[in-house]
Amino acid sequence: MPELPEVETTLRALSPHLVGQVLQRVDFRAPKLRLPMPVAADVQGRRVEALERRAKYMLATLNDGQTLLMHLGMSGRFSIFYQNDTSDTVTPISRLAPTPLATHDHAVLATDTVEMRYNDPRRFGMFVLMPTATRLNHPLLADLGPEPLSPDFDGNALHAALRGRRTALKPVLMDARVVVGVGNIYAAEALFAAGIHPETPAEALGPTLCARLADAIRATLTRAIATGGSTLRDYRQPNGEAGHFQDTFAVYGHAGKPCRVCATPIAQMTQAQRSTFFCPHCQPHTQGAR
DNA sequence: ACCCCGACCTGAGGGC
DNA sequence: TGCCCTCAGGTCGGGG
């Protein structure tokens, strides 16, 4: 589920409550999600010095030289709860009052003022503790490609990354070594925005189309962040509200419905075991692919 | 190196 | 009502 916009939305909501705050209470309730959970005592009592995003990972820098890495997997979400109802001095960012823990609440991080709960039905998320000094060399982070919203991602970077990739463009866009943060939804939406067929051989995409696609990826992700991300099933912003970008999907989940531009029915197919949606008219097969 | 596929896990929805 | 199948936003690791 969560792709870059959902992770970014989550991070922006958590930041004011985490950065500079001490994790007074930490509870990893499941022994493992995708990976074994850290030991709570190795996190509890530390102050969070920074919270950053790399790809779909959130990295909380702790004041003891460790970094807590968090990933939302397919169905993960954080919710912010008030610690108590006497929080007059706390900015009312959350409408959620404390409730009993729910099924699939796998982690709890509490500061003096709020409690953050991580819920993840499918348990594909992860919490990993690693040394801050070498964190970028950690296997989870070492081979990641450029951030799509950073200046070093442009048509030239994309063109270089597609070299040697003979397979269909859309699965390649979802390869984090090419560009990070782009999952099944945003790959489809960006390809529609760029007017490129998802089956175009990746290495056939010339500089002009690479520039157009890089722009489309950046614009699509930026718009999604601005609307709080996409809520299909599980994802929620940490204040409990759904995202809204799903209301503006051009193709994702729209199989058989008329294209908003040309009214041609949106097509669906399978690529790399994932559903792909596209408009056969607005995203023609490109030959030569400049 | 690339590429394909299965694995991880739970829940929702459709067909019978 | 229940069962059984398919599908779902991600990523890793094994094999060809």
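Owing to the predicted nature of the structure, the values given are computational and were not obtained by experimental measurement.
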Sidechain-backbone polar pair: A:Gln283 side chain, A:Gly195 backbone, donor-acceptor under 3.5 Å:
no
Answer yes or no: is there a donor N or O on one side and an acceptor on the other, between the side chain of A:Thr227 and the main chain of A:Ala224, under 3.5 Å?
yes
Distance (rounded to the nearest 0.5 Å) between [X] [atom1] and [Y] [atom2]:
| X | Y | atom1 | atom2 | answer |
| --- | --- | --- | --- | --- |
| A:Ile196 | A:Cys282 | CD1 | SG | 13.0 Å |
| A:Leu140 | A:His71 | CG | NE2 | 9.0 Å |
| A:Asp154 | A:His159 | CG | NE2 | 12.0 Å |
| A:Thr132 | A:Glu49 | OG1 | CD | 8.0 Å |

Please list, pair by pair, any protein nitrogen or oxygen found under 3.5 Å from a nitrogen or oxygen in nucleotides 12-16 of chain C.
| residue | atom | partner | partner atom | Å |
| --- | --- | --- | --- | --- |
| C:dC12 | O4' | A:Arg34 | NH2 | 3.0 |

Cationic N near anionic O, under 4.0 Å, [X] to [Y]:
| X | Y | result |
| --- | --- | --- |
| A:Glu147 | A:Arg54 | yes |
| A:Arg117 | A:Glu115 | yes |
| A:Arg223 | A:Glu189 | no |
| A:Asp234 | A:Arg77 | no |

Any side chain to side chain donor-acceptor pair (under 3.5 Å) involving residues 250-269 of chain A? Give me the pairs, sequence neighbours left out, ordered by first then second residue.
A:Gln268-A:Ser275
Looking for any heavy atom pair under 4.0 Å, which part of the strands does A:Arg177 touch: base, sugar-phosphate only, or nothing?
sugar-phosphate
Have a look at A:Arg274 and say if it touches a base, only the backbone sugar-phosphate, or nothing, with a 4.0 Å heavy-atom cut-off.
base
Sorted by chain and number, sequence neighbours left out, ring-ring contact (aromatic ring centres under 6.0 Å, His included) with A:Phe127 holds for A:Phe28, A:Tyr118
If you measure from the ring centre of A:Phe124 to the centre of the six-membered ring in the base of C:dT11, is it under 5.5 Å, with the planes under 30° apart?
no
Within the pair A:His71 and C:dT11, is there a side-chain N or O less than 4.0 Å away from OP1 or OP2?
yes
Does the side chain of A:Ser275 get closer than 4.0 angstrom to OP1 or OP2 of C:dA8 through an N or O atom?
yes
A:Ala176 or A:Arg122: which one's nearest nucleotide on DNA chain C is closer to the 5' end?
A:Arg122
Nearest-angstrom distance from the residue atom [atom1] of [X] to [atom2] of [N]:
| X | N | atom1 | atom2 | result |
| --- | --- | --- | --- | --- |
| A:Asp175 | B:dC2 | CG | C1' | 10 Å |
| A:Leu33 | B:dC8 | CG | C1' | 11 Å |
| A:Glu203 | B:dA1 | CD | P | 17 Å |
| A:Met70 | C:dG10 | CE | C1' | 17 Å |
| A:Leu72 | B:dC9 | CG | C1' | 16 Å |
| A:Met174 | C:dA8 | CE | P | 11 Å |
| A:Leu141 | C:dG10 | CG | P | 17 Å |
| A:Phe249 | C:dA8 | CZ | P | 13 Å |

Quick test: give all pairs of protein nitrogen or oxygen and nucleotides 11-15 of chain B nitrogen or oxygen below 3.5 Å, distance rounded to 0.1 Å.
| residue | atom | partner | partner atom | Å |
| --- | --- | --- | --- | --- |
| B:dG11 | OP1 | A:His104 | NE2 | 2.9 |

Between A:Ala272 and A:Gly164, which has a closest nucleotide on DNA chain B that is more 5'?
A:Gly164
Partner residues of A:Arg218 under the salt bridge (Lys or Arg N to Asp or Glu O under 4.0 Å) criterion, sequence neighbours left out:
A:Asp215
Pairwise P distance, C:dC3 and B:dC9 [rounded to whole Å]:
23 Å
Looking at C:dA8, B:dC9, C:dT11, which one has an atom nearest to any side-chain atom of A:Arg123?
B:dC9
Side chain of A:Gln273: nearest nucleotide among C:dA8, B:dC3, B:dG6?
B:dG6
Under a 3.5 Å cutoff on both atom distances, Watson-Crick or G-U, what's the dot-bracket for DNA chain B ([ ] crossing, | other strand)?
.|||||||.|||||||
